[in-house]
Q: 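One structure follows; several queries about it will come next.
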Amino acid sequence: QVQLVESGGGQVQPGGSLRLSCAASGSGFTLDYYAIGWFRQAPGKEREGVSCTSSIDGNTWYADSVKGRFIVSRDNAKNTVYLQMNRLEPGDTAVYYCVADGSIYRPCGSSWYSRPYDYWGQGTQVAVSA
């Protein structure tokens, strides 16, 4: 019922910035009611939670590896979530996925990175190299 489409990936030099977008759609979908997360997976590595944001309690969570460099924002009117990535490092190279909780009114919580998510986008590639 819910579709997520990521965009904005590409190749960037270390220290550069990218902004990823996640456009959500679906019958009666209201972005403000859903917890939205970003995950990434690099070749040969386990999937890693990047962030989770929810308007239910107004909290946004970040992985320690990106804290202070990445910022999540949302435009509820456009059903779009953004991941602003600054001071990118080679270790940020991965496919980035936007995810959504299938239940409304559920905040991310302190264990946001391990909870299941019902909806996933197709992913967008981010490559950080000189």
Q: Membership question, hydrophobic clusters at under 4.5 Å side-chain separation (ILVMFWY): are I36 and W61 in the same one?
A: no
Q: To the nearest 0.5 Å, how far apart are CG in D32 and CG in N76?
A: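 It comes to 4.0 Å.
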Q: Kindly say whether D75 contributes a backbone atom to a donor-acceptor pair with the side chain of T80 at under 3.5 angstrom?
A: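 Not confirmed, T80 side chain does not pair with D75 backbone.
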Q: Show your reasoning for whether ring-ring contact (aromatic ring centres under 6.0 Å, His included) applies to F70 and Y62.
A: CA-CA 8 Å; F70 291 9; Y62 297 94; 8.1 Å; no
Q: Treating R69 as the side-chain partner and R87 as the backbone partner, does any N or O pair qualify as donor plus acceptor under 3.5 Å?
A: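 Present.
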Q: Does either side chain, that of S129 or that of Q13, offer a donor lying less than 3.5 Å from an acceptor on the other one?
A: no
Q: Would you say the ring centers of Y119 and Y34 fall short of 6.0 Å from each other?
A: no
Q: Just say parallel, tilted or perpendicular for the rings of Y97 and W120, cut-offs at 30° and 60°.
A: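 Aromatic pair Y97/W120 classed perpendicular.
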Q: If I take atom OG from residue S17 and atom CD from residue Q84, how far apart are they, to the nearest 0.5 angstrom?
A: 5.5 Å
Q: Do Y117 and F39 have their ring centres less than 6.0 Å from each other?
A: yes
Q: Do E48 and S65 get their side chains close enough for a donor-acceptor pair, meaning under 3.5 Å?
A: yes
Q: Answer yes if the side chains of R19 and Y82 hold a donor-acceptor pair under 3.5 Å, and no otherwise.
A: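 The criterion, which ignores hydrogens and geometry beyond distance, is not satisfied for Y82 and R19.
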Q: Drop me the distance from D101's CG to C52's SG, to the nearest 0.5 angstrom.
A: 8.0 Å
Q: Measure from the side-chain N and O atoms of S54 to the backbone N and O of I56, and report whether any donor-acceptor pair falls under 3.5 Å.
A: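 Yes: the side chain of S54 pairs with the backbone of I56.
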